[in-house]
Amino acid sequence: MPIRMSLPEPFAARVAAAERPQIGLWVCSASPLVAEIVAGSGVDWVLVDAEHSPNDLQTILNQLYAMSAYPVASVVRPPIGDTVVIKQYLDLGVQNLLVPMVDTAEQARELVRAVRYPGVTGPTAAAGVGAAGAEQPGTAPTDHGVRGVGAALARSSRWNRVEGYLGGASATVSLIVQIESATAVANAAEILAVDGVDAIFIGPADLAGSMGLLGQPGHPEVVEAAMSAIRAAQAAGKPVGINAFVAEDAERYLAAGASFAAVGADVAILARATEALADRFVGSHANESGADASGGADASGGTSATRASY
């Protein structure tokens, strides 16, 4: 007999059940080795990024495997909120999607359709085709979702070993949409009101760019826009996360009520830590010979204005 399997709890459920904000790190290196190291660090969640990194389907799959032995939530960001791309990610076994550049409620509704099967409206839907082949109906309307049906051949259902996967698939997926423009902030309440959007995630870097403040995510106007989105999420009763690679920024947003935060990235940590070592050992000898040493790096990830633009 095949082994009957269950899937990890989705990220939104973990955030809702947590007694403190959930702290995460990005993995941009496309390396399963690095993903495993980060997953074992003690953070609550790890973002595998495919928007600004060389990740593809195979490297994402390899990182999901590497992190599966650790008690972290794995979140994956596709390069775009495309229905076909989302279908492929979900079939890989991605359960937690962070979709970039969502500006309107209509975009959010299309993403909800992309993560749900036809005939299944949400997490309370009845079970569908499971490992034993018993088919049960989903819930109307039948045109609610557009996700292609191929889970029996995919890791998402553990190759049809998750009982009733089709009908219950919505309960295994968290859809997090990124609020990272002035337009998105203005529409935050409407986006949060979309049934099926489990959380929002604020991206201060792109938000700053959209406000004419490129490279200044700590500018007071950007901070206030981010705070506005946090307040909108609190009013809607939904989790809100934020990207904050500078410790002071992270502390500010967590104190304001952010439910989860990304506080660093593998490549940035490696860059700053190696620079700090070079400063200490190469730079000190250069100073002895009268040469100037480069400065400004620290092993925690850097806090200078030029390195805080994430």
Side-chain angles (χ1 to χ4, degrees), residues 9-18 21-22 45 73 75-78 80-83 85-86 89-90 94-125 138-147 168-204 206-207 210-211 222-243 253-254 256-262:
E9 187 178 39
F11 184 56
R14 291 180 57 150
V15 171
Q22 298 293 280
W45 61 284
V75 182
V76 182
R77 181 166 69 172
I80 186 173
D82 177 80
T83 299
V85 173
I86 287 173
Y89 278 38
L90 292 175
V94 173
Q95 290 182 248
N96 307 300
L97 284 165
L98 175 65
V99 181
M101 296 292 183
V102 178
D103 289 335
T104 67
E106 181 55 36
Q107 284 179 280
R109 281 189 285 270
E110 288 303 308
L111 292 171
V112 173
R113 283 165 52 81
V115 303
R116 291 183 177 172
Y117 287 118
V120 180
T121 59
T124 59
T139 56
T142 58
D143 63 348
H144 186 84
V146 296
R147 179 181 172 187
S170 295
T172 72
V173 175
S174 289
L175 175 62
I176 309 160
V177 301
Q178 257 193 280
I179 303 297
E180 46 186 343
S181 71
T183 299
V185 170
N187 293 330
E190 293 180 9
I191 293 169
L192 284 155
V194 173
D195 181 31
V197 169
D198 295 300
I200 62 170
F201 186 80
I202 303 162
D206 281 298
L207 178 56
S210 78
M211 296 173 66
V222 179
V223 171
E224 176 51 35
M227 292 292 191
S228 172
I230 290 174
R231 291 191 293 269
Q234 291 174 320
K238 289 188 176 180
V240 53
I242 193 161
N243 200 40
Y253 293 124
L254 291 169
S259 311
F260 57 106

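Between Ile191 atom CD1 and Arg109 atom CZ the span is 10.0 Å, to the nearest 0.5 Å. To the nearest 0.5 Å, the span separating CG on Leu254 from CD1 on Ile230 amounts to 8.5 Å. Once rounded to the nearest 0.5 Å, the distance linking CZ of Arg77 with CG of Leu97 reads 12.0 Å. In this structure, Ile86 CD1 and Ile80 CD1 are separated by 9.5 Å, a value rounded to the nearest 0.5 Å. Between the CD1 atom of Ile202 and the CE atom of Met227 there is a distance of 9.0 Å, given to the nearest 0.5 Å.
When all heavy atoms are compared, the tightest approach of Ala189 to Ala232 is N-CB, 4.4 Å. For the residue pair Leu207 and Ala225, the shortest heavy atom distance occurs at CD2-CB, 3.9 Å. Ala114 and Leu90 get closest at one heavy-atom pair: O-CD1, 4.2 Å. Of all heavy-atom pairs between Ala233 and Val240, the closest is CB-CB, 3.5 Å. When all heavy atoms of Thr172 and Gln95 are compared, the pair lying nearest together is O-NE2, 2.9 Å. Of all non-hydrogen atoms in Gln178 and Leu98, the two that sit nearest each other are CG-CD1, 3.8 Å.
Of the possible polar contacts, none joining the Trp45 side chain to the Val75 backbone as a donor-acceptor pair under 3.5 Å is found. Not a single donor-acceptor pair under 3.5 Å links the side chain of Ser210 to the backbone N or O of Ser181. Under the 3.5 Å distance criterion, the side-chain polar atoms of Gln107 are left unmatched by any main-chain donor or acceptor of Val102. In this structure, the side chain of Asn96 engages the main chain of Phe11 through a donor-acceptor pair within 3.5 Å. Using a distance-only test at 3.5 Å, with no hydrogens or angles considered, a donor-acceptor pair links the side chain of Gln234 to the main chain of Ala256.
The shortest side-chain heavy-atom distance between Val177 and Leu175 falls under the 4.5 Å cut-off. In this structure, Met101 and Glu180 have side chains that are in contact, with non-hydrogen atoms separated by less than 4.5 Å. For the pair Ser170 and Val115, the minimum side-chain heavy-atom distance is 4.5 Å or more. Residues Pro204 and Asn243 meet the side-chain proximity criterion, which asks for heavy atoms closer than 4.5 Å. Taking 4.5 Å as the limit, some side-chain heavy atom of Ile200 sits within range of a side-chain heavy atom of Leu192.
Checked against salt bridge (Lys or Arg N to Asp or Glu O under 4.0 Å), Arg147 has the following partners two or more places apart in sequence or in another chain: Asp91.
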**Prompt:** Going through the distances and angles, do Thr104 and Glu190 end up as a side chain to side chain contact (heavy atoms under 4.5 Å, CB included)?
**Reply:** CA-CA 8 Å; Thr104 67; Glu190 293 180 9; over 6 Å; no

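No side-chain N or O of Thr183 forms a donor-acceptor pair with one of Asp103 less than 3.5 Å apart.
Sorted by first and then second residue, the ring pair (Phe, Tyr, Trp, His ring centres under 6.0 Å) pairs with a member in residues 168-203 read Phe201-Phe260; sequence neighbours excluded.
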